[in-house]
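To start, the structure under review is shown below, and the notes come after it.
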Amino acid sequence: MQQLEISPDIDFHSETYKDAYSRINAIVIEGELEANANYQRLAELLPESKDDLLGLAKMESRHMKGFQACGRNLQVTPDMEFAKQFFAELHQNFQIAAAEGRIVTCLLIQSLIIECFAISAYNIYIPVADDFARKITEGVVKDEYLHLNFGEEWLKANFESSKAELEEANRQNLPIVWRMLNQVETDARVLGMEKEALVEDFMISYGEALSNIGFGPRDIMRMSAHGLAAA
Ligand code: PL3
Ligand code: FE2
Ligand code: FE2
């Protein structure tokens with residue numbers, strides 16, 4: 001029988017796969033949970049966009065439930081303690097910025113950095129996922145583009161007044177992303193995802209976002225690779 005095999009050499013039920021999945025699955029569950037909280041916080045900070053932001057927050061909690069189902073489907077228990085640590089630095093920077101009313105920094109962390117990270121990871125995961133997780137992830141990634149778009153539109157409309165804060169927030173937070181990527185490199189490879197592909201895809205999405213907001217090519221080059229060489 002002829003069958004189209006998308007990921008022929010992956011054994012989704014091997015102990016090696018399940019062990020790596022317990023961390024990667026936890027990361028995406030935690031990422032969706034924190035995204036839900038971050039959009040709720042942004043809804044408080046941006047009353048004029050409250051309804052939109054609460055809508056995004058709801059999507060994030062649906063995403064979380066979808067990924068929890070992916071773990072259950074493979075009989076994997078997500079390592080949530082690991083995942084909390086994984087996000088700790090970005091989480092803390094978001095909290096501090098929110099407490100100080102630095103909305104631009106909050107939007108850069110959640111709607112640009114985290115959404116671009118998610119979009120690249122999910123796009124690279126889809127072709128190597130099991131059938132169940134692939135369907136879930138395809139649905140999720142469509143929403144993530146809307147979340148990225150929210151940040152892009154707001155920052156584009158406020159570009160001149162946001163520019164300096166965006167540069168500073170990028171300088172502070174992008175190196176954290178490269179360190180996070182290094183931390184998942186080994187587990188991601190077990191799932192069939194290469195770090196080089198994740199980096200490339202992230203830089204493309206993030207660079208496009210910066211361009212849509214109003215940055216020129218030189219700024220984009222400098223900003224989107226910031227801290228990469230040191231990672
Ligand atoms: C916000 O909507 C989503 C936040 C999730 C962030 C996920 C980052 C994922 C990095 C780990 C790479 C492996 C991905 C595997 C996909 C199931
Ligand atoms: Fe999400
Ligand atoms: Fe999102």
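Atoms within each ligand, like the ligands themselves, are counted from 1 in listed order.
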(request) Determine whether Gln110 and Arg41 make a side-chain contact, defined as any pair of heavy atoms from C-beta on separated by less than 4.5 Å. (result) no
(message) Within the structure provided, determine whether Leu174 and Phe202 are in side-chain contact (heavy-atom separation under 4.5 Å).
(response) yes
(message) Any heavy-atom pair between the side chains of Leu198 and Phe117 that's under 4.5 Å?
(response) no
(message) A side-chain contact here means heavy atoms from C-beta on lying under 4.5 Å apart; do Phe12 and Asn73 qualify?
(response) no
(request) Salt-bridge test for Arg171 and Glu168: reply yes if a basic N is under 4.0 Å from a carboxylate O, no otherwise. (result) yes
(request) Mind listing the protein N/O/S atoms less than 2.8 Å away from the Fe ion (ligand 3)? Waters don't count. (result) Glu60 OE2, Glu115 OE1, Glu115 OE2, Glu144 OE1, His147 ND1
(request) Could you tell me whether the side chains of Gln40 and Asn36 share a donor-acceptor contact shorter than 3.5 Å? (result) yes
(request) Answer yes or no: is there a side-chain heavy-atom contact under 4.5 Å between Arg222 and Phe215? (result) no
(message) Side chains of Asp143 and His63 only: does a donor on one sit below 3.5 Å from an acceptor on the other?
(response) yes
(request) Give a yes or no on whether a salt bridge exists between Lys142 and Glu138, defined as a side-chain N under 4.0 angstrom from a carboxylate O. (result) no
Less than 3.5 Å apart, N/O on ligand 1 and N/O on the protein: could you list those pairs with the distances?
unit_1: ligand 1; atom_1: 2 (O); unit_2: Glu32; atom_2: OE1; d: 3.2
unit_1: ligand 1; atom_1: 2 (O); unit_2: Glu60; atom_2: OE1; d: 2.9
unit_1: ligand 1; atom_1: 2 (O); unit_2: Glu60; atom_2: OE2; d: 3.0
unit_1: ligand 1; atom_1: 2 (O); unit_2: Glu115; atom_2: OE1; d: 3.1
unit_1: ligand 1; atom_1: 2 (O); unit_2: Glu144; atom_2: OE1; d: 2.8
unit_1: ligand 1; atom_1: 2 (O); unit_2: Glu144; atom_2: OE2; d: 2.9

